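Presented below is the structure to which this report refers.
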2 protein chains.
Amino acid sequence: MTPAVAGGAPARTTPPLNRAQVLAAGVALADREGLAAVSMRHLSAELGVVPMALYKHVADKHDLVAGMIDLVVAGYAVPPPGLEWREGVRRHVLAARDALLEHPWLRPAIEAATQRTPAVLAHMDTVAGAFAAGGLSYDLVHHGMHALGHRIWGFSPEAFSNPPAPGTLPLPAPSAAEQHAMMAAVAQQYPHIAAIAIDTATRHPLGACDDQFEFEFTLDLLLEAVARLHVTGWSSR
Amino acid sequence: MTPAVAGGAPARTTPPLNRAQVLAAGVALADREGLAAVSMRHLSAELGVVPMALYKHVADKHDLVAGMIDLVVAGYAVPPPGLEWREGVRRHVLAARDALLEHPWLRPAIEAATQRTPAVLAHMDTVAGAFAAGGLSYDLVHHGMHALGHRIWGFSPEAFSNPPAPGTLPLPAPSAAEQHAMMAAVAQQYPHIAAIAIDTATRHPLGACDDQFEFEFTLDLLLEAVARLHVTGWSSR
DNA sequence: CCGAAATGGTGTACGGCGTACACCTTGGCC
DNA sequence: GGCCAAGGTGTACGCCGTACACCATTTCGG
């Protein structure tokens, strides 16, 4: 009742939430249980609060995940200054990839996102700046950025299947004979895919594709191709 | 009552549905109203049937959209045989792009998909075959396919914003003065993006990016880079 | 110091979603 | 004629996002 000091009314049992805490909790929840688990109800429970309380801090669900994306993208590591431009761009992209590997939900979230948020724009600007530091024309920077595409965010657009994804296909493992029969059938119908699989198996006996290698392979392919255009004075018109 | 001929009982007022009809109706609905409008309830209503009836033809929602994807991908145009390999791959990818432009929902659907279905595998096999027709090693074919990534399906991974998307931002258009102020602020914070925008504006006075040009630019960049690796005998090990 | 406003958490309710489950009708076949 | 599978129905459940009215606490200008 009396104003200050202490010992009076319960004041406020817990300090009020704020947007940053909500977003951080969202990121933590997505890291732990996946993007699908980030519902307003689930997240609010996590914060010991009723679902509608979140709407005091985020406009709606889209704003929530946009904020989560922003939070992670703002944390992308920044390479040291003064690098040769190709190395600079390369480091930026690989730094983004590092963050992305820590937050597997980020990729689908970015793909589904419809708006560009501040940190996201800032990252794009930074990468464009890394190109421009090499003296490339903004025309070439522009097209080079398009060529990198989502690689700017740290992931490739994979046409080949992702790993089965946790929670999918709890089928009993097929027997060895069944596996053999299936592979034979696949080889019949998809001979080139089979040939690739065989080639890969002989080259890397233990596992499937090396994602990191594929990523850097294409990244360097693109950077080299852009560099070649640069030295030959390419222009889009 | 009596068996055959005609004129007896109403028989069946409508012939029974089948999977193909359900998938086709799903594609048509997605074309018309977008992927979000394809719910079991909505689609079933479209077919004059109760929601649960669809489950007699489709295992679940995922199976439905997988089937829809399969249906469209199976319809990708096939270039004439006998082309030089780069041109063959190029045509396959551009044919995929054509189909994709007719079905804007396909891109998010593919991105969200978790399983590879038969037509999808067949398309991958076909493209791999187009590479292999040029005598490229399967090692290089493999990495070339990874480099193409989702371009195989006809779309690039665009880091730059998609068009605002129908049904978004019904804000009143900002006044000219407001627009000017906003652009100035953006130019302050994102100087390189601003520089790109200015360069593009001077180069193509009328519109934003030419998506088709960007797509083919990167496609050709990659094909040329792969071709260069091919002639120099590249290998991943 | 008081009262008003702003801030932030609550409770209820609605319409939509995917789908499990039990049921019923119809058609074809022995 | 009787059976069975195929295909359509009806009901119900538990999720989802969020509109809206309400209440508690803090903050702040007069």
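No experiment lies behind these values; they were computed from the predicted model shown. Hydrogens, waters and symmetry mates are skipped; everything else that's a heavy atom, side chains included, is used. In what follows, chains carry the letters A, B, and so on, assigned in the order in which the sequence lines appear, proteins first and then strands, with residues in each chain numbered from 1.
Atom NZ in B/K61 sits about 4 Å away from atom P in C/dG18, given to the nearest Å. If you measure from atom CE of B/M40 to atom C1' of D/dC15, you get 16 Å, rounded to the nearest angstrom. Per the geometry, OH belonging to B/Y55 stands 10 Å off C1' belonging to C/dA20, to the nearest Å. Here D/dC16 presents its C1' atom at 14 Å from CG of A/D60, a figure rounded to the nearest Å. As a whole-Å value, the separation of A/D63 CG from D/dT18 C1' is 14 Å. Rounded to an integer number of Å, the gap from CG of A/L43 to P of D/dC15 is 17 Å.
Residue pairs that meet the side chain to side chain donor-acceptor pair (under 3.5 Å) test with at least one member in residues 144-155 of chain B, sequence neighbours left out, are A/E158-B/H146, B/H142-B/H146. Note on residues 23-76 of chain A: pairs passing ring-ring contact (aromatic ring centres under 6.0 Å, His included), not counting sequence neighbours, are A/Y76-A/H123.
With hydrogens and angles ignored, no donor-acceptor pair closer than 3.5 Å exists between the side chain of B/R41 and the base of C/dG16.
In this structure, A/R97 fails the cation-pi test against A/F155, since its NZ or CZ atom is not both closer than 6.0 Å to the six-membered ring centre and inside 45 degrees of the ring normal.
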A correct 5'-to-3' footprint of nucleotides 5-10 of chain C, with B, S and - meaning base, sugar-phosphate only and no protein heavy atom under 4.0 Å, is ---BBB
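Between B/R32 and B/E46 a salt bridge is recorded (basic side-chain N to carboxylate O distance below 4.0 Å). Electrostatic pairing of A/D70 and A/R116 does not count as a salt bridge here, judged by no charged N lying under 4.0 Å from a carboxylate O.
Residues B/H103 and B/D31 bring a donor and an acceptor atom of their side chains to less than 3.5 Å of each other.
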